[in-house]
Amino acid sequence: MLVARDVELRVGARLLLEHASFQVAAGDKIGLVGRNGAGKTTLTKVLSGEAQPASGTITRTGAVGYLPQDPRTGDLDVLAKNRILSARGLDAVVDRLRRAELAMGDDSAEVQDKAMASYARAEAELAAAGGYAAEAEAARIASNLGLPERVLHQPIGTLSGGQRRRIELARILFSGASTLLLDEPTNHLDADSIVWLRDFLAAHSGGLLVITHDVGLLERCVNKVFHLDANRAELDIYTMGWKRYLQQRETDEKRRRRERLNAERKADQLLSQADKMRAKATKAMAAHNMVRRAERLLAGIDAERAPDRVAKIKFPDPAPCGKTPLTATDLSKSYGSLEVFTGIDLAIDKGSQVVVLGLNGAGKTTLLRILAGLDEPDTGEVVAGHGLRIGYYAQEHETLEIGRSVLANMKTAAPDLGDTDVRKILGSFLFSGDDVDKPARVLSGGEKTRLALAMLVCSSANVLLLDEPTNNLDPASRAEVLAAIKRYAGAVVLVTHDEGAVDALDPDRVLLLPDGVEDLWSPEYTDLVALA
C-alpha cells in the first residue's frame, strides 16, 4: 500500500503538482494520465522511492515493484533467467545448486560429500521460497511476454533493448510485490503478450498504478483514474473505470467552463457598478467592497484550460546525395555462440522506404546500429555512398548524453546553428525557458523522444534510421510523427511495432530478419508488424 500526503513535485522552478493526497491500496487499479511532460513519470519515481518530493510524505507498506520507462538491467553478464529469479532472491540459490551438481561429479569423495551437503542446504532454501515451481512460474511469465527459453539462458548483455525491457517487466511481475508501478509496460510487447499482460494485471490482487497509451489495457484493468492536470498542477481523482472517466471528464470541463463564465459575468457587473459608484464620495466604500467581491469571485474559479500543446515535427529537407547513399553487404552479427543474423545485403536508394520486420530478438535494432556506424559487424561492410548523411533515432535513446542538458545535446547535434536557432527548434518541440537547462536524465520517456526527434530535425539527414519512433508518445504527438514520416523526402529504414507508422511510411520494400530476405512490400506483410 502507498499513501501520499500533501505531495508537491517540481522540476527546477517548474511546479508539476501541489497539495496531492491519495492512496494506492489493494484492489486499486489506477490509470495515471495526463499530457506528455505533465509529470506522470516523475510522480511514479517519487512513489517508488527513486526520487523525493519537493514537499509532503510518501508512506510505503509492503513490497513495491517499479518498472521505469528506461529500466536498469543490472550486471550485463548475468543470465536473463537469473535476473528474473533475483526478484525473490532465488538467483543465488539456483546458482549454488548448479555449482553443487557439478561438484558432485568430482573424483574426490571429500569434494562430493561437501557438494552433497551444499546441495541439500540450497535445495531446502529453494523449497522454502516456492521450490522448482517458482522457476517454472518465472519461465511461464517470460514466455507469455515473448521471451523463449533460449533467451533466458543468454547473458543480459547479448539481448536487444526490447528483450531487456521485457526481462525487467517479467522480473517485476514475478516478484510478488503487493503494489505495482508500471510506466508504459506494453512497450516492445507483441499483440499476444499485450493481451496476456492485460489479463495478468486485471487479476492482480494488490495495488496497481499504470502509465500507458494502450487504451485496451486501461479499459480492461482500470477502476480508478488519476488525471495529472498540467495547467492547474493538480491531481484529479476519478473513482470509476476508463469509459466512464472519459464521459465524466468532459462533463467536468463543461461545468468548469460554465462556472468560469458565470463568475466572470458577475465580476464584470460588480466592477461596472463599482466604477459608477466611485464618482460619489459617499459610496466609495461600497465601491471598494464590490471590487473585493469581484476579485474573490475570480479567485475562486479555475483558470481557462489551455489546450495541450503538441510538438510541431518536420523532418529535415534531405541533403543532396548520390543514387544509392547507403549499401550493406554480407553483414553478420553474433554474441558469443548466439548468431543474431547472417548474410544480410541491403541497398538504400535515394528516397527509398524500407521497413524491417522480425520477431523480438531477430536483430532489428542491432542492424540499425550497424548501419548507423555505432556497432561493427562480425563480417561484411557498410559502405557510405556519395553525400550520405545519416540520422539515427534509437529506441532506447542511446544517442542522448544523459548527463548533459537539453540545450547541450541539441548544440552537439547542430554545431553550425546559432543559439537562437537552436532554441527556436527546441521551442517547437515544447522545450522552452528553464526546460532547456534540464539534464536529459530527468526527462520522461516522451520528452526524451521529443529531444531525440528535435536532434534529427537539424541534421540535414538524407537517410533516416528510425527504431520505434512512436514509443512513449501521446496520441497527438504520435500523429505528428506519423505526418512527418509521410512528408519526409529522404530515404527511411524503419523498425516499428506500430502499424500506423508503416502506413505513414508506405514502404516500397521489406527486409525480414533474421534470414535477410528482401521483398517488395505488399499488404500481406501488415499482419507481421504487430508481431514483429
Side-chain angles (χ1 to χ4, degrees), residues 65 67-88 90-95 97-98 132-175 182 184-197 200 332-342 344 356-370 375 378 394-396 398 467-468 471 495-497 512-516 528-532:
L67 177 75
Q69 281 190 4
D70 297 313
R72 294 170 301 282
T73 50
D75 185 353
L76 297 182
D77 293 327
V78 168
L79 295 182
K81 179 181 180 180
N82 286 350
R83 177 64 182 166
I84 297 173
L85 292 174
S86 70
R88 297 188 191 172
L90 293 176
D91 54 327
V93 179
V94 170
D95 190 51
L97 278 173
R98 301 295 174 258
Y132 292 101
E135 280 194 276
E137 180 188 352
R140 185 169 61 252
I141 290 172
S143 176
N144 284 315
L145 293 176
L147 295 162
E149 183 70 20
R150 62 173 180 80
V151 169
L152 299 184
H153 296 286
Q154 294 174 219
I156 292 286
T158 68
L159 304 183
S160 68
Q163 287 174 320
R164 292 184 196 180
R165 197 172 201 280
R166 280 177 284 138
I167 289 293
E168 290 306 295
L169 177 57
R171 181 177 184 272
I172 288 159
L173 300 184
F174 173 71
S175 71
L182 306 179
E184 297 292 357
T186 60
N187 278 359
H188 307 295
L189 297 186
D190 59 30
D192 289 342
S193 296
I194 290 173
V195 171
W196 177 85
L197 179 64
F200 182 97
S332 68
K333 188 67 178 178
S334 299
Y335 293 104
S337 61
L338 175 68
E339 183 181 87
V340 181
F341 53 72
T342 184
I344 302 295
V356 182
L357 298 180
L359 297 176
N360 283 309
K364 303 185 295 293
T365 292
T366 299
L367 176 62
L368 257 60
R369 288 182 60 84
I370 289 173
D375 287 345
D378 295 332
Q395 62 166 302
E396 300 296 324
E398 301 100 314
D467 195 354
E468 302 288 2
N471 274 2
V495 170
T496 186
H497 288 84
L512 301 174
L513 292 183
D515 297 329
L528 297 179
V529 176
L531 299 175

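Salt bridge R83/E168: present, at least one basic N to carboxylate O contact under 4.0 Å.
Of the inter-residue distances, the one linking R165 atom CZ with Q69 atom CD reads 7.0 Å to the nearest 0.5 angstrom. N82 CG to D77 CG: the interatomic distance, rounded to the nearest 0.5 Å, is 12.0 Å. For the atom pair CD (E137) and CZ (F174), the distance works out to 5.5 Å, reported to the nearest 0.5 Å. Considering OG1 of T186 and CD1 of I194, their distance stands at 5.0 Å, rounded to 0.5 Å.
Nearest heavy atom pair, residue L85 against residue A138, reads CD2-CB, 3.9 Å. For G146 against S193, the heavy-atom pair with the smallest separation is N-OG, 3.5 Å. In plain terms, the two heavy atoms of L152 and A142 that are nearest each other are CD2-CB, 3.8 Å. Shown here for D515 and I344, the closest heavy-atom pair between the two residues is C-CD1, 4.4 Å. Minimum interatomic distance between E149 and A139 (heavy atoms only, all atoms of both residues): OE1-CB, 4.3 Å.
Residues Q154 and Q163 fail the side-chain proximity criterion, which asks for heavy atoms closer than 4.5 Å. Looking only at side-chain heavy atoms (C-beta outward), T366 and L513 stay at 4.5 Å or farther from each other. Inter-residue side-chain proximity for I84 and I167 is flagged as met; some heavy-atom pair is nearer than 4.5 Å. Counting heavy atoms from C-beta outward, D190 and W196 have side chains that stay 4.5 Å or more apart. Using a 4.5 Å heavy-atom threshold, the side chains of L145 and F200 count as separate. Residues P155 and L79 form a side-chain contact, since some pair of their non-hydrogen atoms from C-beta on lies under 4.5 Å apart.
Checked by atom type and distance alone, the side chain of D378 pairs as donor or acceptor with a backbone atom of S334 at under 3.5 Å. Judged by distance alone, the side chain of S175 and the main-chain N or O of I172 form a donor-acceptor pair under 3.5 Å. Using a distance-only test at 3.5 Å, with no hydrogens or angles considered, a donor-acceptor pair links the side chain of R164 to the main chain of L159.
Considering only residues two or more places apart in sequence or on other chains, E339 meets the salt bridge (charged side-chain N to carboxylate O under 4.0 Å, His left out) condition with none of them.
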Test side chain to side chain contact (heavy atoms under 4.5 Å, CB included) applied to E468 and K364, step by step: CA-CA 10 Å; E468 302 288 2; K364 303 185 295 293; 5.5 Å; no
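Just one residue in the list T365, N471, N187, T496 forms a side-chain hydrogen bond (donor to acceptor under 3.5 Å, both in side chains) with Q395, and that residue is T365.
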